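Worth knowing before you read on, the calculation uses all heavy atoms, side chains too, and leaves out hydrogens, waters and symmetry mates. No experiment lies behind these values; they were computed from the predicted model shown. Whatever order the structure lists them in is the order used to number ligands and atoms, beginning at 1.
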Amino acid sequence: MTSLLHIAIPTPLRTIFDYLNIDSNITPKVGMRVLVSFRSRQLVGIIVGISRSTTEKNNAKLKTIEKFIDDQALIPQNTFDLIQWVSDYYHHPLGECFQAALPKKLRQQDPAVLKTETYWKLALKQDEIKLGEKQQQIVSYLTNYSSAISQQQITAELGSCKSSLLSLENKNVITQHQQVKQTLLACNTKPSHLLSKQQLNIVDTLWKDHHSFKPYLLHGITGSGKTEVYIQLTKKIIEKGKQTIILIPEIGLTTQFVQRFRQHLEANIVVLNSAISDSDRKQAWLLARDGLTDVIIGTRSAVFTPLKNIGLIIIDEEHDSSYKQQDGLRYHARSVALIRAQRAEIPILLGSATPSLESLYNVEQGRYTQLTLTERATGAQLPKVRVIDSEGPKANSGLSSILYKSIKKQIGEGNQVLLFINRRGFAPVLMCHDCNWQATCTSCDAKMIVHQSRNILMCHHCGLIHRLIQHCPTCKTTELKTYGVGTQQLEQTLQQYFPETPVIRIDRDSTQKVNAFADIVADIQKGGAKILVGTQMLAKGHDFHNVTLVGVLDADQGLFSAGFRATETLAQLITQVTGRAGRGEKSGEVFIQTSQPQHRFWKELIGKNYSYIAHKILEQRKDMGMPPAGSLCVIRAEDRQQTLAMLFLTEVLDVLNQANQQQVMILGPVPAIMEKRAGRYRAQLLLSCEKRKPIHQLLDHTIDVISKLKLARKVRWSIDIDPVDLM
Ligand code: ADP
Ligand code: ZN
Ligand code: ZN
């Protein structure tokens with residue numbers, strides 16, 4: 001009797017589709033990939049259930065699957081269950097959740113087979129024989145490693161040497177074998193630091209309960225040795241034969257971080273970030289699933305990597321907003337990781353110098369255990385911080401003369417300087433002095449940004465590009481002026497002030513190419529670049545020992561932003577940025593330029609500390625019933641016709657109101673603050689409640705009706721659970 005396969009297909013439709021099995025020797029299993037034809041397309045689906053087929057009559061209506069792609073389950077049961085949870089919690093179609101969780105090649109029809117490679121190793125017994133030069137090189141290279149080394153790595157290090165390898169094998173000096181390909185080359189290890197008392201304490205505390213689910217918040221000031229703690233814990237987990245997954249924020253942080261793990265752990269490590277190739281990503285995923293790698297270091301989506309024997313989850317910089325996906329499946333990797341740890345009954349360690357309010361709240365509620373590191377591991381002092389009035393004496397390009405003088409002094413002493421300005425491009429405004437014309441985007445409610453080096457105007461919201469014009473398009477003759485400062489202008493000004501000093505710019509424009517960021521970081525570390533100008537990309541986690549001065553040029557943006565997390569984010573950013581100075585032997589100083597030097601925020605952040613401000617903001621959020629004290633969900637819609645998004649959300653509101661038991665407060669619909677973006681008009685509906693459950697129940701009850709609204713097929717819409725902003 002043919003069985004009925006229930007299949008999750010990558011479509012926005014919130015349905016599981018039934019297909020008939022085909023005759024083959026493959027026994028269908030949950031978690032296998034199959035190829036199906038769906039609305040005249042061939043799609044890869046995942047089997048999520050199997051039942052006996054019903055009557056012949058019913059069968060006649062069903063299609064048969066095209067073929068099995070796997071002959072065993074691709075996705076292990078626990079990962080499968082996790083993705084199911086994600087689909088339920090985020091109210092997102094299951095088929096699309098599988099897409100988000102799988103590496104690209106496995107979303108397609110690539111076989112789930114590990115690649116193997118030739119590895120070489122010294123033979124146990126060595127006879128005294130005469131060797132050629134290349135052969136000697138190979139032998140002495142292999143002596144450095146206790147494990148076998150891949151032919152690829154040997155060739156990369158010593159140049160092509162296949163014939164030498166084979167003749168060494170003939171002489172019984174080395175042996176070869178096929179082994180699964182690891183995605184990173186082997187690396188020599190260095191001895192680790194002896195942990196400080198505080199660090200040891202943390203490792204011990206966590207280790208005591210490493211067989212049960214327990215979340216820890218590690219609040220350690222910048223440079224206090226959190227990474228070192230992660231390394232030691234990972235080492236202990238590996239000794240138990242288990243795997244560790246470490247999440248890090250997006251952006252170029254990976255290289256430095258991974259390097260430290262590799263130097264201090266004799267382990268197989270895989271990295272999952274945006275820089276690795278699709279085939280390495282697939283290999284890494286399979287290695288992790290099959291228990292052939294000890295450590296997985298990756299950005300957000302690595303949280304879905306299946307692990308055969310998971311022992312610990314670590315989230316570094318847990319407050320970072322890049323853990324929240326902002327489109328498609330809008331999940332928060334920290335939330336998913338917590339569920340994962342709970343189900344696997346393992347500890348989870350969230351580390352940060354500036355913990356999120358979510359985590360501080362959870363500590364307060366007794367759900368997390370807090371651990372602290374209060375001193376810098378190298379014994380260095382935290383830098384002195386000064387607030388300067390940006391309306392005071394100026395040098396140029398928004399640079400105050402106090403800051404200018406300090407830069408001059410520090411580079412004179414051979415130190416490095418880091419300057420933050422959170423705006424890329426040359427200038428944010430191009431304007432006519434006479435008639436007030438401004439360059440604005442035709443597709444967005446936004447200004448066009450001047451990019452002088454490329455001679456263009458660019459919209460940072462939709463990417464629209466125009467030639468840079470010199471004269472006002474309305475009054476024709478008047479010359480246009482730029483206002484405000486971006487990274488490119490600051491870079492240019494500094495280069496003019498200090499023509500002998502290498503200035504380097506780090507923003508999304510200068511780091512577009514793969515590895516560009518890593519190259520820049522390497523250059524900074526070597527001391528090549530002296531003045532570094534960058535957006536907040538540069539604020540995260542780096543350990544540059546020679547930086548003694550940090551300047552923040554546009555701290556005001558955060559003080560006046562409309563987003564409800566703006567002050568929290570600003571406090572985190574300033575604290576992180578401050579942490580970049582004086583990490584080595586020399587002490588550091590920090591200057592913050594603001595038009596509001598008297599603002600209470602500065603007094604509290606600098607006079608007291610991050611914890612003080614964070615707890616104060618937390619109290620305010622509690623009073624307002626805002627996250628983390630309350631729960632939010634935003635339903636967003638957008639369409640090219642101005643009225644449709646609002647119209648759709650008004651219909652959604654009706655549906656919700658009918659089912660709502662008064663527990664959930666529904667606000668809107670209202671147009672988004674930037675209503676028009678990339679040619680679409682956007683609107684949103686806000687759901688808020690003290691507890692999260694009523695929101696989920698309401699959505700569970702109404703989502704089917706909402707999806708079947710006529711307009712639901714016409715406008716683009718999405719559900720955002722626990723949104724990071726309401727913009
Ligand atoms: P964090 O991750 O908290 O910013 P790191 O782990 O990067 O801190 O440590 C900051 C610096 O202190 C690094 O250069 C690191 O090598 C060093 N360090 C960490 N732990 C120790 C230790 N126990 N003894 C000496 N140096 C240490
Ligand atoms: Zn004009
Ligand atoms: Zn635009």
**Prompt:** Taking the six-membered ring for Trp, are the ring centroids of His319 and His219 within less than 6.0 Å of each other?
**Reply:** no
Counting from 1 in the order shown, the ligand 1 atoms closer than 4.0 Å to a non-hydrogen atom of Leu195 are 23 (N)
How about Cys459: does one of its N, O or S atoms come closer than 2.8 Å to the Zn ion (ligand 3)? yes
Leu194 heavy atoms within 4.0 Å reach ligand 1 at atoms 22 (C), 23 (N), 24 (N)
For Gln198, is the CD atom crowded, meaning more than 12 foreign heavy atoms sit under 6.0 Å from it? yes
Requested in this report: Please find out if the Zn ion (ligand 2) and some N, O or S atom of His433 are separated by less than 2.8 Å.
Outcome: no
The answer for which part of His193 has a heavy atom under 4.0 Å from ligand 1 is side chain
Ion pair check, Arg716 and Glu638, cut-off under 4.0 Å: yes
At under 4.0 Å between heavy atoms, what of Ser196 touches ligand 1? The answer is backbone
Taking only non-hydrogen atoms of Ala377 and a 4.0 Å limit, the atoms of ligand 1 in range are 12 (O), 18 (N), 19 (C), 20 (N), 21 (C), 27 (C)
| query | So is there a nitrogen or oxygen of Thr227 less than 3.5 Å from a nitrogen or oxygen in ligand 1? | reply | yes
I'd like to know if Asp209 pairs up with Lys214 as an ion pair, taking the criterion as any Lys NZ or Arg NE/NH1/NH2 lying under 4.0 Å from an Asp or Glu carboxylate oxygen. yes
Proximity flag Gly220 to ligand 1, non-hydrogen atoms under 4.0 Å = no
Practice prompt. Please examine the side chains of Tyr610 and Thr578, heavy atoms only from C-beta on, and report whether any two atoms are closer than 4.5 Å.
Written response: no
Check your understanding: Is Glu266 salt-bridged to Lys235, cutoff N-O under 4.0 Å?
Key -> no
SG (Cys475) to the Zn ion (ligand 2) to SG (Cys435), nearest 10°, is 120°
| field | Basic-acidic side-chain contact under 4.0 Å: Glu317, Arg334 | value | no
For SG in Cys432 and SG in Cys472, the angle at the Zn ion (ligand 2) (nearest 10°) is 110°
Q) So, are Asp434 and Lys481 salt-bridged, with charged N and O less than 4.0 Å apart? A) no
Review point. Any non-hydrogen atom of Arg376 lying under 4.0 Å from ligand 1?
Key: no
* Asked: Is Lys226 paired with Asp316 through a side-chain N to carboxylate O contact shorter than 4.0 Å?
  -> no
Practice item. Give a yes or no on whether His460 keeps an N, O or S atom under 2.8 Å from the Zn ion (ligand 3). Key: no
Counting from 1 in the order shown, the ligand 1 atoms closer than 4.0 Å to a non-hydrogen atom of Gln199 are 19 (C), 20 (N), 22 (C), 23 (N)
